[in-house]
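These numbers come from the heavy atoms of this one structure, side chains and all, not from hydrogens, waters or symmetry mates. Throughout, protein chains are lettered first and strands after them, A, B, ... in sequence-line order, and every chain is numbered starting at 1.
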Protein chains: 2
Amino acid sequence: MATTVERGAGRASERALADLREAILTGDLAAGAHLGEVELAERLGLSRTPVREALTRLAAEGLVETTAHRGARVTSFSRDDLDAIFDVRRALESRATARAADHATADDLDELAALADRMLEIGAPGPDQDLDALVGLNRGFHARLLDLAQAPALAAALAGVVHTPVVTRTFHAYDPASLARSLAHHVEIVAALRAGDGDWAAAVMASHIGNARAVMVGSR
Amino acid sequence: MATTVERGAGRASERALADLREAILTGDLAAGAHLGEVELAERLGLSRTPVREALTRLAAEGLVETTAHRGARVTSFSRDDLDAIFDVRRALESRATARAADHATADDLDELAALADRMLEIGAPGPDQDLDALVGLNRGFHARLLDLAQAPALAAALAGVVHTPVVTRTFHAYDPASLARSLAHHVEIVAALRAGDGDWAAAVMASHIGNARAVMVGSR
DNA sequence: TCCCCTCAGGTTGTACGCAACGTAGGGTGC
DNA sequence: GCACCCTACGTTGCGTACAACCTGAGGGGA
């Protein structure tokens with residue numbers, strides 16, 4: 001009874017990895033929080049081994065920091081760190097967006113357009129506004145775009161800069177004007193892709209990330 | 001007697017990580033080679049546990065690929081992959097070089113100049129030419145530069161694109177003209193940094209990587 | 001002859017136990 | 001009273017045993 005054999009479907013270590021990553025990205029595990037292996041193992045109902053592997057991989061991604069015999073902590077980023085992360089994201093994601101223009105099919109564009117439109121709806125001020133739901137859709141939009149770039153190297157480099165940084169976890173920080181800009185950018189990116197103009201799409205993405213940077217880390 | 005307790009100084013898993021990474025980077029472990037945990041463990045005189053951790057981290061770096069219950073293989077890159085990797089390196093390393101211009105002290109520049117000069121010497125055609133020694137010096141030059149950029153995010157992103165790719169492991173592929181250009185670039189980068197001109201330095205670095213790309217993957 | 005099923009071999013995935021390390025607290029000597 | 005040492009505890013690092021899984025070969029049936 002103590003050890004529930006029937007658990008999730010996937011490998012235990014992958015479940016641990018996914019759960020921990022989600023907990024960190026959503027802020028459920030605060031930055032700087034100490035992560036004990038036994039504590040996490042008990043919480044997830046696993047042994048220390050898969051938890052340990054998950055922590056190792058998270059450390060490689062940069063989400064946690066491990067020190068000697070003292071365990072792991074959730075990485076906390078300084079203002080300069082965040083600034084640099086946005087710098088890299090701007091360079092890389094705009095590049096990926098340009099490449100996406102060469103590979104996106106009509107179906108892909110319809111899918112992206114649907115995401116952009118949906119975000120426009122639930123992001124609009126009013127009773128139906130749902131800022132929390134935006135997070136998932138936004139992640140989906142950027143992930144889809146990165147996928148369309150068909151450039152594993154770009155994806156790997158971006159993953160090195162914190163797997164969709166802590167920075168993408170909320171839209172509550174956006175003021176109305178910035179939020180409207182951000183959502184309009186998504187639509188414009190799709191338009192640029194439809195026009196087959198990679199440079200245009202890349203420019204909008206660069207603006208998009210600049211806008212996000214201003215919101216999340218403030219003016220330079 | 002069988003288990004030699006007195007081994008290296010550092011943690012066992014870090015030794016395994018370093019040894020495996022070196023073996024892959026030098027080509028001692030060929031691309032596509034199957035990496036059995038027990039085999040590696042015996043070879044390194046350790047148990048499977050630290051080997052397993054090392055493989056996990058190498059997988060995160062992109063040097064090995066793991067599949068289901070089938071173990072790990074040394075990643076092999078297609079022509080397109082290499083092309084994309086150089087693309088990212090050009091974007092990121094030139095950026096890092098520009099930043100280095102803002103942080104490098106006179107001592108730093110002297111150090112870089114010494115490296116560049118030394119490479120010029122042992123890279124020059126003649127009896128003293130030592131292409132193998134260039135590898136280490138070149139790695140050192142680029143690493144020092146990346147360090148001077150003081151941008152952990154840039155370093156992390158670059159690390160995601162294969163920790164100094166398999167691509168930097170030899171200079172034997174260079175024809176005399178390309179090699180001369182490459183070595184001259186190092187010197188010119190130092191000159192640009194001395195002049196405090198980050199844009200110049202970045203441009204040279206971009207050229208430097210373009211040159212390397214042409215040698216390693218051929219014309220586009 | 002071809003296909004499918006079964007089984008054996010080898011591999012990875014997980015759990016658990018022990019040892020090493022770092023840390024904090026109390027006690028003792030100066 | 002203060003500083004230093006020593007001890008005890010909690011943690012991580014590693015080794016080993018067992019279970020789950022994939023793969024390939026061989027035999028039987030259609």
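Side chains of His186(B) and Asn138(B): a donor-acceptor N/O pair is present below 3.5 angstrom, by distance only. Looking only at atom types and distance, the side chain of Asp132(B) has a donor-acceptor partner in the side chain of His172(B) under 3.5 Å away.
Glu42(A) has its CD atom 13 Å from the P atom of dA15(C), to the nearest Å. In this entry the distance linking CG of Leu55(B) with P of dT11(C) reads 14 Å, nearest Å. In this structure, His69(B) atom NE2 and dC22(D) atom C1' are separated by 8 Å, rounded to whole Å. When rounded to the nearest whole Å, the span between CZ of Arg57(B) and P of dG13(D) equals 10 Å. In this structure, Glu53(B) places its CD atom 11 Å from P of dG15(D), rounding to the nearest Å. Distance CG (Leu46(B)) to C1' (dA19(C)): 16 Å, rounded to an integer number of Å. Atom CZ in Arg15(B) sits roughly 15 Å away from atom C1' in dC14(D) (whole-Å rounding). Computed from coordinates, the Arg52(B) CZ to dG13(D) P distance equals 16 Å when rounded to whole Å.
Residue-to-nucleotide contacts include no donor-acceptor pair under 3.5 Å from the side chain of Arg70(B) to the base of dG10(C). Checked by distance alone, Ser13(A) brings no side-chain donor or acceptor within 3.5 Å of a matching partner on the base of dG13(C).
A salt bridge is defined here as a Lys NZ or Arg NE, NH1 or NH2 lying under 4.0 Å from an Asp or Glu carboxylate O, and Arg99(A) with Asp102(A) fails to meet this definition. Taking 4.0 Å as the cut-off between side-chain N and carboxylate O, Asp87(B) and Arg213(B) count as a salt-bridged pair.
Positionally, the nearest nucleotide of DNA chain D for Ala72(A) lies more toward the 5' end than for the other of Ala72(A) and Thr49(A). Where Gly71(B) and Ser47(A) each meet DNA chain C at their nearest nucleotide, the meeting point lying more 5' is that of Gly71(B).
A donor-acceptor contact shorter than 3.5 Å links the side chain of Arg73(B) to the backbone of Gly32(B).
Of the residues in residues 28-39 of chain A, not one comes within less than 4.0 Å of DNA chain C through any heavy atom.
Taking every heavy atom of both residues into account, Thr66(A) and Ala59(A) meet most closely at CG2-CB, 4.1 Å.
Atom CD of Glu37(A) sits about 10.0 Å away from atom OG of Ser47(A), to the nearest 0.5 Å.
Taking every side-chain heavy atom of Arg48(A) into account, dT12(D) is the closest of dT12(D), dC21(C), dA15(C).
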